[in-house]
Amino acid sequence: MKPLAQTATNMPGSGIREIVHLAITMPDVIRLEVGEPNFPTPAHIIEAAYQAANNGFTKYGPSAGLHSLRELLAERVSRVNGYPVTAAQVNVSVGGVQGMLAALSALLDPGDEVLIPDPAWPNYEMAIILREAVPVHYPLYIEQGFVPRMEDIEGLITDRTKLIIINSPSNPTGAVFPRETIEALVDLAQRHDLYLMSDEVYDELVFEGEHVSPALYDAERTIGIYAFSKTYAMTGWRVGYVVANEALSQIIMKIQEPMISCVASPVQKAAEAALTGPQDCIREMRDSYRERRDAVVELLKKEAYYVYTPRGAFYIMVDVSDAGVDSRQFALNLLETCRVAVAPGTAFGNLGDHFVRISLATEKGLLLEGVRRLCEFVRSSQAKR
Ligand code: PLP
């Protein structure tokens, strides 16, 4: 047989999924490795999908999404993110994951370079490689609160650089970039004529500070990636959207046809209900994540493993370098010995190596028990060295 595609074969797998696949085969594991709200999808959203299917929303829809949903999304971005958007600039996607892939497909030719954060959500690197483009990592240092420094990014720009990806609030760090940083990033993109992809799937999960969209300053060159997964506890529904200038949105719409044809029609109706229904669930979930964040920070301080406080999203990175093994090995050992699953920092890049990522989207009692076991395990590993 002829060989399989080299690009796909060589694409790295997700280091988070490795732990997930092991954790699900073991009994009584405290699962802190996945970024998934532990809340159920609000009942009125589920009901809307059911009603939609009953009312005939069971057919193919337009590739860019139902017009009624795109209108609501344009209104939502204008209201929440603060920059004016028309329905023509919105493409509904299968979660933020596929929206990002479609946007990258519309932007990148083989060999183009894309600046991505280190540490970062692993899907950027995977999607860029799949598009035969080149990921180039810019560092996010804990000493700077995981906020990028312009000089670190600027030094990496070449003639082939086409795009910078930013993610605030961030997975895995929980950093929320200050307005000055966003302004400086836009300025950098303008000076070097680069596109700016802003992954804003955690835009409504900010505990301190404010969420600032770069599109406020330059909507023409910004591509916004958004999702329902985290905001409305809708991870399994697979619905998100991409906002871009009209020319780029037209290409994304064309790409949606061979990629997905369209997003499931009842799911789009559920998304409409999420936007038009009561919004209290967002605040309630955010308040829970904040409370858990505070409890974990307090516990880490007590255990002497505290290093920083995340300001948004629902993750915290914990420094496990005292254990004396790389973070992947640490995560495997912790799972085997203590039945606690965490995401190894190596899954997010080289600078993640001292850390493991804990998801705060877990029930508080389990979360604290998991963190307690983790601290104890670092201590005992250190004592054995
Ligand atoms: N962007 C970031 C930073 C994420 O953490 C995730 C999910 O974990 C996504 C995008 C995509 O989410 P979804 O495809 O579920 O909408």
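Each ligand, and each atom within it, is numbered from 1 in the order the structure gives.
For the residue pair Pro310 and Phe207, the shortest heavy atom distance occurs at O-CD1, 4.1 Å.
The shortest contact between atom 15 (O) of ligand 1 and any protein heavy atom is with Ser229 OG, 2.6 Å. When hydrogens are left out, the protein atom nearest atom 14 (O) of ligand 1 is Arg238 NH2, 2.8 Å; that is the closest non-hydrogen contact. In terms of protein heavy-atom proximity, atom 8 (O) of ligand 1 is nearest to Lys230 NZ, 2.7 Å.
Between Tyr202 and ligand 1 there is a heavy-atom distance shorter than 4.0 Å. Distances from ligand 1 to the non-hydrogen atoms of Thr235 include no value under 4.0 Å.
Against a heavy-atom cut-off of under 4.0 Å, Val97 is close to the following atoms of ligand 1: 11 (C), 14 (O). Counting atoms of ligand 1 from 1 in the listed order, those under 4.0 Å from a heavy atom of Gly95 are 14 (O), 16 (O). Close approach to Ala227 involves these atoms of ligand 1, each under 4.0 Å from a residue heavy atom: 16 (O). Within ligand 1, counting atoms from 1 as listed, the ones closer than 4.0 Å to a heavy atom of Asn167 are 3 (C).
Looking only at atom types and distance, the side chain of Glu200 has a donor-acceptor partner in the side chain of Asn81 under 3.5 Å away. Under the 3.5 Å distance criterion, with hydrogens and angles disregarded, no donor-acceptor pair is assigned to the side chains of Glu204 and His211.
Residue Gly96 places at least one N or O, backbone or side chain, under 3.5 Å from an N or O of ligand 1.
Aromatic ring centroids of Phe355 and Phe348 lie 6.0 Å or more apart.
The side chain to side chain contact (heavy atoms under 4.5 Å, CB included) test with Ile316 is passed by exactly one of Val356, Ile358, Thr173: Ile358.
By heavy-atom distance, the residue among Thr231, Asp199, Asn171 lying nearest atom 2 (C) of ligand 1 is Asp199. For the residues Phe228, Trp121, Tyr124, the heavy atom positioned nearest atom 10 (C) of ligand 1 is part of Trp121.
Listed by chain and number, the hydrophobic cluster partners of Leu22 are Ile19, Met26, Val29, Leu332, Leu335, where partners are ILVMFWY side chains within reach of under 4.5 Å, directly or through others.
Salt bridge Lys269/Glu272: present, at least one basic N to carboxylate O contact under 4.0 Å.
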Is there a side-chain contact (heavy atoms from CB on, under 4.5 Å) between Met150 and Thr181? Walk through the geometry before answering.
CA-CA 8 Å; Met150 295 315 120; Thr181 302; 3.9 Å; yes
